[in-house]
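Structure record follows, encoded as structure tokens.
All figures in this text were calculated on a predicted structure; none of them were measured in a lab. Residue numbers run from 1 in the order of the sequence given.
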Amino acid sequence: MVDSRLRFQNLIFNSRADDCEDELADAPLSVRVPVETDRIVRSLPNKTAWLRRVIVDAAQHEFRQQPTHALQIDWTEDAES
């Protein structure tokens, strides 16, 4: 079992697992994925950074945005079509 003091220190000193400098949302996203996908992602050494990068890249691609520090969506374009 992990010592609760160590867990608390990790939260303080390792709050960011990557070099992302963007402001993060207050609450994390949470989704269920197929069992095999879950197994693979959980086996990654730095899954938080990987998930953050993959989700942001996919969102930018889906919304046809160039990679930027903050994803901006123009909702008026869809309303006019």
Side-chain angles (χ1 to χ4, degrees):
M1 182 161 178
V2 177
D3 183 355
S4 62
R5 289 173 293 173
L6 178 59
R7 188 177 298 172
F8 181 71
Q9 287 175 345
N10 284 339
L11 289 174
I12 294 172
F13 298 113
N14 298 322
S15 61
R16 296 296 284 272
D18 57 18
D19 59 358
C20 175
E21 295 179 1
D22 295 336
E23 179 181 359
L24 299 180
D26 291 334
L29 295 174
S30 177
V31 298
R32 290 183 179 202
V33 296
V35 172
E36 183 63 13
T37 302
D38 181 78
R39 185 188 67 74
I40 293 168
V41 171
R42 289 181 191 277
S43 73
L44 296 173
N46 198 350
K47 67 180 174 282
T48 300
W50 183 83
L51 283 166
R52 183 178 294 124
R53 181 184 56 79
V54 170
I55 291 169
V56 170
D57 287 351
Q60 289 170 341
H61 179 265
E62 288 288 321
F63 296 119
R64 294 175 184 82
Q65 298 290 321
Q66 295 298 318
T68 61
H69 290 297
L71 180 62
Q72 297 176 355
I73 302 170
D74 180 6
W75 296 105
T76 58
E77 183 177 298
D78 289 340
E80 294 174 6
S81 15

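Under the 4.5 Å side-chain contact rule for hydrophobic residues, Leu51 and Leu44 share a cluster. The same ILVMFWY cluster, assembled from side-chain heavy atoms under 4.5 Å apart, contains both Val54 and Val41.
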Validation: residues 28-38 side-chain donor-acceptor distances under 3.5 Å, sequence neighbours left out:
from  : atom 1 : to    : atom 2 : distance (Å)
Glu36 : OE1    : Arg39 : NE     : 3.2
Glu36 : OE2    : Arg39 : NE     : 3.4
Glu36 : OE2    : Arg39 : NH2    : 2.5
Asp38 : OD1    : Arg42 : NE     : 2.7
Asp38 : OD1    : Arg42 : NH2    : 3.2
Asp38 : OD2    : Arg42 : NE     : 2.9

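Hydrophobic cluster membership of Ile40, counting Ile, Leu, Val, Met, Phe, Trp and Tyr whose side-chain heavy atoms lie under 4.5 Å apart directly or via other members: none, as it forms a cluster of its own.
Between Arg52 and the choices Asp22, Asn46, Leu24, the side-chain contact (heavy atoms from CB on, under 4.5 Å) rule is met once, by Leu24.
Looking at Arg53 and Asp57, their side chains come closer than 4.5 Å, going by heavy atoms from C-beta outward.
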